[in-house]
Amino acid sequence: NIATCLQKNVRDIVAFSVQLRTLQETKMVVENLGLGHQMMRYCLIAFNIVFFVAGFGLMIVAAASLAWMDGVFDFSRSDIPVSQILLLVVGLIVCVVTVVGCYGAEKENVYLLRAYAGFLSILFLLTLIGGIMACQMRNELRSRVKEDLLDFLKGWTTKNRKAFDLVQKKLQCCGVDNYTEWQNSGFPQKNASGLSVPGSCCIEALLSFDMNAPNDTCGANLENDTVIPQQINTEGCLNKLQAGIKSHITAVAILGILLIFVQIFGIIFACWLARGIINYQYSLVA
């Protein structure tokens with residue numbers, strides 16, 4: 001009886017040891033799962049901070065572009081200002097989406113994380129489409145703007161002059177490629193020997209030219225080629241417009257590339273974290 005009792009106690013001890021080891025292993029698995037998805041959560045929050053900064057930067061660049069373009073493209077059929085408004089909206093959406101991502105990661109809400117990953121996927125596609133359109137627009141930009149400028153120049157009247165006056169005053173330029181194009185424009189020439197250009201071409205126009213009461217005296221009857229550069233801006237507006245637009249497009253392109261990479265990592269981390277949370281919840285139930 002004593003031997004039987006001892007044998008039974010040994011079996012109970014062995015069985016208890018096995019159960020204890022199983023519980024310890026399960027606890028370690030649960031702890032590892034918890035630690036893993038906590039690390040993913042912090043990584044996702046960190047990426048969202050970067051994403052928010054990029055989105056906010058995109059809004060600033062788009063707003064600066066709109067401020068620079070204010071009234072400059074009134075003469076043109078170009079949709080460049082509209083593209084900047086779209087970028088401003090995209091930047092705002094990015095900032096809102098990052099808030100959703102941070103909240104979902106902080107609260108470990110699987111549904112919010114999945115929605116966040118879905119929003120990022122849509123934004124990723126829109127960013128790619130926008131980048132392709134921007135590249136196409138950049139290649140066609142010079143020819144489209146030049147065509148609009150020349151059409152406006154030839155059809156110049158006192159009623160529609162304000163748009164071109166604003167371009168010349170703001171960018172300190174004159175004509176399309178150069179100031180001599182005003183000779184074959186709709187702008188009235190005082191006499192055959194001298195060239196007359198609008199007052200918005202004059203060097204002091206940036207400070208003194210009144211858009212509501214234009215005075216063209218300073219640009220009338222320009223005959224001496226050595227004096228002309230001292231009176232008016234001789235560089236055409238096309239190059240200045242193109243340079244300004246390219247600088248803004250470059251800034252947007254840099255932010256766009258950053259957004260694409262952040263979006264890819266955001267989608268991966270969001271899906272990974274959602275899966276980690278589900279596995280962790282199942283391990284607790286098990």
Side-chain angles (χ1 to χ4, degrees), residues 61-84 137-252:
V61 170
S65 298
L66 284 172
W68 180 81
M69 294 177 185
D70 184 28
V72 169
F73 284 92
D74 288 352
F75 68 88
S76 176
R77 293 162 294 185
S78 173
D79 53 0
I80 294 173
V82 177
S83 66
Q84 300 305 306
M137 183 179 69
R138 185 178 180 181
N139 295 331
E140 301 172 0
L141 184 63
R142 185 179 179 86
S143 60
R144 288 177 61 184
V145 173
K146 184 174 183 177
E147 183 182 349
D148 290 338
L149 283 169
L150 289 173
D151 288 345
F152 199 92
L153 199 74
K154 293 174 181 177
W156 186 96
T157 65
T158 53
K159 293 182 179 179
N160 69 1
R161 66 174 295 168
K162 192 171 184 178
F164 214 110
D165 279 336
L166 178 62
V167 174
Q168 294 186 140
K169 176 181 178 178
K170 197 170 186 177
L171 302 183
Q172 296 179 279
C173 57
C174 189
V176 181
D177 288 312
N178 58 67
Y179 69 98
T180 59
E181 290 165 325
W182 281 107
Q183 195 162 14
N184 299 316
S185 70
F187 187 76
Q189 300 298 311
K190 303 298 182 182
N191 57 60
S193 61
L195 171 67
S196 293
V197 299
S200 54
C201 283
C202 298
I203 291 176
E204 68 270 15
L206 186 63
L207 299 176
S208 62
F209 186 77
D210 188 354
M211 298 289 297
N212 297 317
N215 185 347
D216 301 319
T217 305
C218 66
N221 297 324
L222 303 170
E223 299 181 4
N224 192 333
D225 290 341
T226 58
V227 178
I228 287 176
Q230 300 173 11
Q231 291 182 261
I232 66 170
N233 299 301
T234 56
E235 185 179 354
C237 296
L238 181 61
N239 288 335
K240 289 202 170 185
L241 277 171
Q242 189 179 26
I245 294 168
K246 278 188 174 181
S247 65
H248 288 95
I249 288 178
T250 301
V252 170

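One finds the CZ atom of Phe164 at 5.0 Å from the CH2 atom of Trp182 (value rounded to the nearest 0.5 Å). The distance from the CZ atom of Phe187 to the OG1 atom of Thr157 is 12.0 Å, given to the nearest 0.5 Å. Here Asn239 contributes atom CG and Cys173 contributes atom SG; the two are 9.5 Å apart, rounded to the nearest 0.5 Å.
By the salt bridge (Lys or Arg N to Asp or Glu O under 4.0 Å) test, Lys240 pairs with no residue at all, sequence neighbours left out.
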Legend entry - Ile228/Leu195 under side chain to side chain contact (heavy atoms under 4.5 Å, CB included): CA gap, chis, key distance, verdict: CA-CA 10 Å; Ile228 287 176; Leu195 171 67; 5.6 Å; no

Legend entry - Derivation of the side chain to side chain contact (heavy atoms under 4.5 Å, CB included) call for Gln168 and Cys237: CA-CA 7 Å; Gln168 294 186 140; Cys237 296; 3.8 Å; yes

Contacts under 3.5 angstrom, residues 202-215 side chains, donor-acceptor by atom type, not counting sequence neighbours:
unit_1, atom_1, unit_2, atom_2, d
Ser208, OG, Glu204, O, 2.7
Asp210, OD1, Asn212, N, 3.1
Asn215, OD1, Thr217, N, 3.0
Asn215, OD1, Thr217, OG1, 2.6

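At least one donor-acceptor pair closer than 3.5 Å links the side chain of Ser196 to the backbone N or O of Asn221.
Using a 4.5 Å cut-off on side-chain heavy atoms (C-beta onward), Trp156 and Pro188 make contact. Leu171 has its side chain out of reach of Glu235: every pair of non-hydrogen atoms, C-beta onward, lies at least 4.5 Å apart.
Cysteine sulfur proximity is satisfied for Cys174 and Cys201, their SG distance being under 2.5 angstrom.
The minimum heavy-atom distance linking Val176 with Lys146 is given by the pair CG1-CG, 4.0 Å. Between Tyr179 and Val197 the shortest heavy-atom distance is O-CG1, 4.1 Å.
Sorted by first and then second residue, the salt bridge (Lys or Arg N to Asp or Glu O under 4.0 Å) pairs involving residues 157-168 (not counting sequence neighbours) are Arg161-Asp165, Arg161-Asp216.
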